[in-house]
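Okay, so here's the structure we're looking at.
None of the values given here were measured: they were computed from a predicted structure. Along the sequence shown, residues are numbered consecutively beginning with 1.
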Amino acid sequence: MKTRLLFALAVLTATPAFAQLAAPNAAGAAIGHIHLNAADVDVQSRFWTNVGGKVFQREKLTMVQFPGIYIVLRKQDPTGGSVGSTINHFGFYVRDFAASVARWKAAGLSWEPVQNPQVGQGFLMGPDSVRIEIYENKSIPTPLQMHHIHLLVPEPLEAQKWYVQTFGATAGKRAQYETANVPGAEITLGKAATPQAPTKGRSVDHMGFEVNNIDAFVAKLQSAGIKTDAAVRNSANASGLRIVYITDPWGTEIEITEGLSAAPLASR
């Protein structure tokens, strides 16, 4: 019994929590990835390594691992930055705010502080004008962890309802923002002062949800009148990965995946 217990603990210790996505909710969905269009994949890779991620190659997919999410990098000139599109930015928690900011500044990353007496807060601006918000949270178990994806929409409550119905999100509120919470991330819903561009083609091209059973999940979406870009299919970029795309009513492209983290990844 003691031997089996020690073996189980060894397996758990050897399994990198850093790379794991959150367990799915009752609807079978969790946040999976954010997909960036990169003018230069190597430049983006260096940036995300400096932020604190781990860059891996899964066949044709260049992926950056963070606790709770993958950043996927695709070589494609973006039509614009994240600001001005429905995904205005996304954000991470850091455990040691001052040390993280000092390290990023030393690495030459662009840092914009925010004066917040309650918590450390600021923004990184990545290559291709990808905007990233940073909050301090001393209670997280890892140095850095996924926190939120911030959408700007005309009617936040309507968007909240759509994400609750579509992905089983839990409705909430953070400060002045309506939220739709799924395992691994908060979808933050701000009110857009002006019309926002669809995400497709921008530097933050789309966000992705990982699901347990993509065929059953998509069948449920289609029965609710949500159109997919095509049938569920095998990815041309990585074996063992099945994908399909939908677009929310406000222009946010969403990839639905099954098997995003199923296969071992090779370091670049």
Side-chain angles (χ1 to χ4, degrees), residues 17-36 58 61 63-72 86-87 89-93 145-151 153 156-174 177-189 198-200 204-235 237-238 240-263:
F18 193 96
Q20 292 173 345
L21 298 179
N25 59 18
I31 202 67
H33 73 284
I34 294 173
H35 202 125
L36 305 185
R58 179 173 172 183
L61 289 180
M63 305 172 69
V64 191
Q65 292 178 311
F66 288 98
I69 201 161
Y70 294 101
I71 307 295
V72 180
T86 54
I87 299 181
H89 64 271
F90 54 94
F92 292 90
Y93 276 144
Q145 180 178 301
M146 180 61 187
H147 177 235
H148 72 280
I149 302 171
H150 198 124
L151 275 57
V153 295
L157 283 171
E158 286 299 312
Q160 182 188 65
K161 181 180 177 181
W162 189 87
Y163 279 93
V164 168
Q165 292 175 341
T166 305
F167 292 102
T170 301
K173 187 102 174 177
R174 177 171 61 87
Y177 300 115
E178 307 299 333
T179 61
N181 299 287
V182 295
E186 169 192 290
I187 309 299
T188 311
L189 302 161
T199 61
K200 188 174 178 62
V204 181
D205 186 89
H206 61 267
M207 62 180 176
F209 289 83
E210 174 81 348
V211 300
N212 278 339
N213 183 330
I214 194 169
D215 295 302
F217 194 91
V218 170
K220 186 177 178 182
L221 296 186
Q222 291 173 336
S223 69
I226 296 175
K227 295 181 179 180
T228 60
D229 70 317
V232 176
R233 56 203 180 269
N234 294 328
S235 171
N237 295 314
L241 177 64
R242 303 185 71 217
I243 65 170
V244 73
Y245 289 85
I246 64 174
T247 304
D248 80 7
W250 304 275
T252 308
E253 186 168 60
I254 299 166
E255 185 176 11
I256 299 169
T257 64
E258 182 182 4
L260 187 66
S261 57

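- The shortest side-chain heavy-atom distance between R174 and E186 falls under the 4.5 Å cut-off.
- At least one donor-acceptor pair under 3.5 Å links the side chain of T166 to the backbone N or O of W162.
- Side-chain atoms of T199 and T86 form no donor-acceptor pair, as typed in the model, at a separation below 3.5 Å.
- For the pair N212 and E258, the minimum side-chain heavy-atom distance is 4.5 Å or more.
- In this pair, Y163 and W250 present their aromatic rings parallel. The plane angle is below 30°, not in the 30 to 60° band.
- Residues meeting the salt bridge (Lys or Arg N to Asp or Glu O under 4.0 Å) test with E178, sequence neighbours left out: K173.
- Within the 4.5 Å cutoff, the side chain of H148 has no heavy atoms near those of the I187 side chain.
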Apply side-chain contact (heavy atoms from CB on, under 4.5 Å) to Y70 and Q65, showing your working. CA-CA 5 Å; Y70 294 101; Q65 292 178 311; 3.3 Å; yes
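- The nearest pair of heavy atoms linking A230 to R233 is CB-NH1, 3.6 Å.
- Taking F167 as the reference, F209, F217 meet the ring pair (Phe, Tyr, Trp, His ring centres under 6.0 Å) condition, with sequence neighbours excluded.
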Going through the checks in order, is the ring-ring contact (aromatic ring centres under 6.0 Å, His included) test met by H206 and Y245? CA-CA 9 Å; H206 61 267; Y245 289 85; 5.3 Å; yes
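- With hydrogens and angles left out, the side-chain atoms of E253 and T247 include no donor and acceptor closer than 3.5 Å.
- Across all their heavy atoms, V164 and A171 have their closest contact at CG2-N, 4.0 Å.
- Within the 3.5 Å criterion, the main-chain N or O of G172 finds a donor-acceptor partner in the side chain of Q160.
- Residues L221 and I246 have side chains in contact (heavy-atom distance under 4.5 Å, counting atoms from C-beta outward).
- Looking at H33 and E255, their side chains come closer than 4.5 Å, going by heavy atoms from C-beta outward.
- For H147, the ring pair (Phe, Tyr, Trp, His ring centres under 6.0 Å) criterion is met by Y93, Y135, not counting sequence neighbours.
- Of all heavy-atom pairs between P24 and P183, the closest is C-CG, 3.9 Å.
- Between G168 and A27 the shortest heavy-atom distance is CA-CB, 3.8 Å.
- Looking at T188 and L151, their side chains never come closer than 4.5 Å, going by heavy atoms from C-beta outward.
- Considering every non-hydrogen atom in both I31 and G68, the closest pair reads CG2-O, 3.4 Å.
- Relative ring orientation between Y177 and H150 is described as perpendicular, the plane-to-plane angle rising above 60° on a 0-90° scale split at 30° and 60°.
- The main-chain N or O of A169 is never found under 3.5 Å from a side-chain atom of N181 such that the two would form a donor-acceptor pair.
- The closest side-chain heavy-atom distance from I149 to V204 is not below 4.5 Å.
- Residues L241 and R58 have side chains in contact (heavy-atom distance under 4.5 Å, counting atoms from C-beta outward).
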Which is it for T179 and L189 under the side-chain contact (heavy atoms from CB on, under 4.5 Å) test, yes or no, and what are the steps along the way? CA-CA 6 Å; T179 61; L189 302 161; over 6 Å; no
I would like to know whether D205 and L36 meet side-chain contact (heavy atoms from CB on, under 4.5 Å); could you show each step before the answer? CA-CA 6 Å; D205 186 89; L36 305 185; over 6 Å; no
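- Taking every heavy atom of both residues into account, T257 and L260 meet most closely at OG1-CB, 3.9 Å.
- Counting only distance, with no hydrogens or angles, the side chain of E210 and the backbone of I256 share no donor-acceptor pair below 3.5 Å.
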